[in-house]
Amino acid sequence: MNAYRIVGTPQPQIDARDKVTGRARYTDDIRLPNCLHAAILRSPHASARIRAIDTARAAALPGVKAVLTGTDFERTFGVLPISKDEPALARERVRYVGEPVAAVAAETAELAAAAVALIAVDYAPTPPVLDARQALKPTDDPLHPELQRENNLHKQVEQRFGDPEAGFEQASIVIEKRFTFPSVTHAFTEPHAVQVEIDGRGNLTVYSATQVPHYVHLALAEVLGIDEHRVRVIKPHLGGGFGGKSDPFPHEMIAAKLALVTGRNVRLRFSREDVFFSHHGRHRTQLTMKLGFHPARGITALTGDFLIDGGAYGSFGVVTTYYNGVLLQGPYPVPNFAFRCRRMYTNKPMCGAMRGHGGVNPRFASEVLMDMALVQSGLDPCQARIDLIHRENTLTINEFRITSVGLQRGLEEAMRRSGWREKYGKLPYGKGIGVACGFFISGSALPIHWNQRPASTVRLTVEFDGAVTVYSGASDIGQGSDTVLAMMAAEVLGVDLGQVKVVAADTRLTPVDLGSYSSRVTFMAGNAARNAAIRMRRLLVAAACRLLALPEPGYPAPAPPEDGFRQGGRAPDFDADFLGANPDYSDGFEFADGRIRHLDSGKQTGFIAAVHAAIEGPGILQTVGNYRAPKLGGSFKGAGAGLSPAYSFTAFIVEVSVDPDTGFVKVERATCAHDCGFALNPLAVRGQIEGCFHMGMGQALMEEVLHYDGAVQNAGFLEYKIPSPFEQPEIDLVPSISDESEGPFGAKEAGEGPLAPVIPAIANAIFDAVGVRLFELPLRPDRVLAAMHKAAGR
Amino acid sequence: MDTRIVSAARQGVATRLLSLEVNGQRQQRAVAPDITLLDFLREELGLTGSKRGCDLGECGCCAVLVDGRPMLACLLPAADLEHSAITTIEGIAEGTALHPLQQAMIDEGAVQCGYCTPAMVINGVHLFSGESRPDADAIRTCISATSCRCTGYNRIVQAFQSTAERLAEDPR
Ligand code: FES
Ligand code: FES
């Protein structure tokens, strides 16, 4: 039944017109009346004890309304309940250059900045821990003594499945290499910003540039010590996130506290330098990986040892620690698998979630090793990958449930379109073609805060005027989630897209949604929106039946899974309120062109007439839809990490040219096969894939956060170079062809998975071009040239 | 040192009456003498369509037209512009009629988070105000004035190209 009117068609974002005219309001564009301006004093030291803070001169400045220091906050916080280790303002010690130490609210931004400059902090610098290896060493002064460890380990994860040693014995080729990755950062264009509005009853409305309004809401209440119901968090238009706005942040706590203390509205914005200080980017990673391969058996074993530099605080780090390992369970079966990942605290800005969270660096390693093994085996790296990719409806050794897989056919098509067979191994020296694959979650099946609530809930109303409003807590961060939710509601209800309004990411008006991270929104909020619309459709069908003197259609109860696989082989988590995932909604009626038509009899009524008939009783038409992930996964420790109701798969084929004189790498073109199931909005899918390519290519070739004595050295766009339009190649996109039975209309994620394979595809193309392998990112010209010289025996 | 500190030191000491022509309208405000054009637009006039991405001339998001030429508002002292005509993103559409580039940006999916979008449009409007039909290189050069982290630029290039084609067929 693919006769959709709206889903599956390319749709510009519903607020695109606001964005091209400058009308879209981002957080710092809001103008609250009688507003104070806040400024933050940041630490100049990577590691120091705070002996004393003298705020008297700042407080005495006329126009200064409040000064805060660490002692004004009792509780620390963190996005994960298991590592709430971050203070809103440093207490007793500072742990990185740029850490907030004190804050001021004043009548103007200039005054606030002048006032923080008057705050005198007496620091006693202590020797900083500057990298993960140093952090492994025993110390009697760890960054976080509360963990009671003798070194600066934050989190260690070890998992083992099958018998890796036996697996390596079965291999015909075993390769082991060390890889090094610098930290990279999101570099979204809109700096962090927050504005807080306070009312006469002390209720706070917090406008923040955040991907996770719900988590900010919870953290604010906890850190400020106020009832949760006094907080409301609203995400205005957001200028990019990529994971960099997916934590509650100190500045949100600070601004809210300043509003509470002064009783005034407060505005706070970051400079670009502040954004680099606050970081939360991809972890600097050192890893050793070992791959066993046999041409007839595929991967026989894979082991990895990862050391990741977390910086000063926890953020999402525990999840990152798991993801480094577990996301290696795709896109190919790995029957024997073991890894250890250690996340270390260091005196640097903290790392957290960044697009492709935790899976990106290990993917580079595994896909480069894979390429080496395939080349050594004399296999075609593309064809061999196609043969190895997971089959549909299988379980991985760590009990990930693999449902739809559309990558075999996708990569075959990409091979054909890219002219792989004519090019691979046949291009002249300096030109090369390479391939790499990846896979990623469509949302985490388990919540961060353990509870029994649905993973996503959407409320939907239809008013007397026919307006359909989707109330969703999901955050549109530029990826177009508002649009895709509206598209799904419009599809189910047979109305124009323009008739659907979206109220999103407002924790007072919208049901709880956990946020925009882990590629969960389209799948989870999408299913919830679709279900809410289906329920609304049933109300309208009932009304139409009354108007048309037809019997109401009966609806089947959500069917228990037939083969046991659809729900992970376990008892399905159905309850009376749950329609299931992606249920069929055919009901014998057609909703289109403002009419509701009974297909058998041809009788019809107007959409609005049905709305009016349905609204008579309750006075308002309102439905709720939700999404619950099926019960998935094993029972071993850490089994929940990486569990997702569905996984996306990606392959990139990339052509490069390498200048033999300079080592400069240029990506000439790219072909992508991304299996996102049914592409709900092909325009948005394309945009996500092109954006992933940009970011992946940046990490591959040029991006790197540099530190000196713990201080970020390239805290600006001139020094932290991201690819320009001249570097970005054309990307030929193979349409996704799989169908994910549990995804809304068959969809899976597209926002993160495509990033990881970009980087190894480029590296593998460099090998095809000039015969060298590089194991450290970025693949800078000097490194490429040095490797070429070494290969040539110079 | 933070420029805001410097200007704070002068604050209260002196303000001056500044009168600028913005989007065809003369606007007069009493401001700090060293106020940037970006602050004048955003903070004094409430024209927040011009975005602040760095305040240092690095991201390009604050571009506006000064006498028809794209300039970075965060770097310009507003006081130097009393004899100039300034056009911001709010002044590009004529009534409800969008500039063809604005429409193309929408249609081609060149808008994701939208934070770079006003500056992309401002630069493009200048490009397309020239006589000749810009070639691919001129288009990329124009686009490269603004950082975009979301799109990978492909759809933006596409929007510029389709605008160039459209204007070649139907010059305004
Ligand atoms: S704000 Fe970045 S260039 Fe002006
Ligand atoms: S659309 Fe987000 S920065 Fe360009």
Side-chain angles (χ1 to χ4, degrees), chain A residues 10 12-13 15-26 28-31 39 108-114 117 186-191 237-242 269 271-272 477-480 683-684 686-687 689-695 697 716-718 722-726 728 730-731, chain B residues 1-2 4-5 7-11 32 42-43 46-59 61 88-90 92-93 98-99 101-103 105-118 121 137 139-141 143-144 146-157:
Chain A
Q13 293 188 1
D15 52 0
R17 197 179 165 103
D18 291 333
K19 291 173 178 171
V20 300
T21 53
R23 200 184 291 127
R25 272 202 323 175
Y26 299 77
D28 197 51
D29 298 343
I30 294 166
R31 296 290 172 264
T108 68
E110 292 75 16
L111 257 179
H186 318 83
F188 38 74
T189 44
E190 179 206 18
H237 276 103
L238 188 92
F242 316 112
R269 66 160 196 260
S271 68
R272 180 52 59 179
I477 60 175
Q479 84 282 42
L683 199 60
R686 177 173 276 285
I689 290 170
E690 290 169 347
C692 275
F693 194 90
H694 160 93
M695 213 172 257
M697 180 173 63
F717 280 140
L718 285 189
I722 66 172
S724 83
F726 287 100
Q728 176 88 355
E730 279 303 317
I731 297 167
Chain B
M1 186 187 266
D2 191 320
R4 281 178 291 183
I5 299 175
S7 64
R10 296 184 198 155
Q11 208 211 7
R42 289 180 53 86
E43 308 302 332
L47 292 173
T48 55
S50 308
K51 295 298 172 223
R52 191 195 310 272
C54 67
D55 245 356
L56 293 167
E58 297 180 353
C59 71
C61 290
T88 69
I89 187 67
E90 289 91 345
I92 296 298
L98 297 181
H99 186 281
L101 177 62
Q102 288 175 307
Q103 190 60 50
M105 294 279 285
I106 297 172
D107 296 341
E108 301 287 355
V111 179
Q112 287 192 30
C113 82
Y115 207 73
C116 69
T117 308
V121 170
D137 229 41
I139 286 175
R140 280 197 163 72
T141 303
I143 292 170
S144 68
T146 315
S147 285
C148 175
R149 191 56 157 173
C150 299
T151 63
Y153 302 103
N154 302 79
R155 295 304 97 209
I156 299 176
V157 171

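Heavy atoms only: backbone and side chains are in, while hydrogens, waters and symmetry mates are out. To find a chain, count down the sequence lines: A is the first, B the second, and so on, and within it residues start at 1.
- Using a 4.5 Å cut-off between heavy atoms, A:Ala24 contacts chain B through its backbone alone, with no side-chain atom that close.
- Heavy atoms only, all atoms of each residue included: A:Thr189 and B:Cys113 are closest at OG1-SG, 4.1 Å.
- Taking CZ of A:Phe726 as the reference point, atom OG1 of B:Thr141 lies at 3.5 Å (rounded to 0.5 Å).
- A:Val20 and B:Ile89 make their closest contact through O-CD1, 3.3 Å (heavy atoms, listed as atom of the first residue, atom of the second, distance).
- To the nearest 0.5 Å, atom CZ of residue A:Arg17 and atom CD of residue B:Gln103 are 6.5 Å apart.
- Annotation: maximal heavy-atom pairing with chain B below 4.5 Å, among A:Glu690, A:His694, A:Gln479, A:Gln13, occurs at A:Glu690.
- Side-chain atoms of B:Arg42 come within 3.5 Å of backbone N or O of A:Asp28 as a donor-acceptor pair.
- Heavy-atom distances place no part of B:Thr146 under 4.5 Å from chain A, backbone and side chain included.
- Among B:Gly114, B:Ser50, B:Gly109, B:Gly53, the residue making the largest number of heavy-atom pairs under 4.5 Å with chain A is B:Gly53.
- The candidate with the highest count of non-hydrogen atom pairs below 4.5 Å against chain B, out of A:Gly480, A:Cys692, A:Ala16, A:Ala112, is A:Ala16.
- Residue A:Phe188 touches chain B through its backbone alone, counting heavy-atom pairs closer than 4.5 Å.
- For the atom pair SG of B:Cys150 and CD1 of A:Ile477, the computed distance is 8.5 Å after rounding to the nearest 0.5 Å.
- For B:Arg149, the salt bridge (Lys or Arg N to Asp or Glu O under 4.0 Å) criterion is met by A:Glu703, not counting sequence neighbours.
- Interface summary for chain B: among A:Gly716, A:Gly691, A:Gly240, the most heavy-atom pairs under 4.5 angstrom belong to A:Gly691.
- Residues A:Gly22 and B:Glu90 approach most closely at O-OE2, 4.2 Å, considering heavy atoms.
- For A:Leu683, the part lying near chain B is the side chain, with the backbone staying farther off; criterion is any non-hydrogen pair under 4.5 Å.
- For B:Lys51 and A:Asp29, the salt-bridge test passes: some basic side-chain N is under 4.0 Å from an acidic carboxylate O.
- No other option in B:Gly152, B:Ser147, B:Gly49, B:Cys59 has as many heavy-atom pairs under 4.5 Å with chain A as B:Gly152.
- Taking a cutoff of 4.0 Å between a charged side-chain nitrogen and a carboxylate oxygen, A:Arg272 and B:Glu58 do not qualify as a salt bridge.
- Of all non-hydrogen atoms in B:Val111 and A:Lys19, the two that sit nearest each other are CG1-CD, 3.4 Å.
- In terms of heavy-atom pairs under 4.5 angstrom with chain B, the leader among A:Arg23, A:Met697, A:His237, A:His186 is A:His186.
- If you tally non-hydrogen atom pairs under 4.5 Å between each of A:Pro10, A:Pro723, A:Gly241, A:Ala684 and chain B, the highest count goes to A:Pro723.
- Residue contact with chain A, scored on non-hydrogen atoms closer than 4.5 Å, involves the backbone of B:Thr151 exclusively.
- Contacts of B:Cys61 with chain A are made by side-chain atoms alone, with heavy-atom separations under 4.5 Å and no backbone atom involved.
- With sequence neighbours excluded, no residue satisfies salt bridge (Lys or Arg N to Asp or Glu O under 4.0 Å) with B:Asp107.
- Within the model, atoms CZ of A:Phe693 and OH of B:Tyr153 stand 14.5 Å from one another, a figure rounded to the nearest 0.5 Å.
- Among the candidates B:Asn154, B:Ile143, B:Ile156, the single residue satisfying the side-chain contact (heavy atoms from CB on, under 4.5 Å) test with A:Gln728 is B:Asn154.
- No side-chain heavy atom of B:Tyr115 sits less than 4.5 Å from a side-chain heavy atom of A:Leu238.
- Taking 4.0 Å as the cut-off between side-chain N and carboxylate O, A:Arg31 and B:Glu43 count as a salt-bridged pair.
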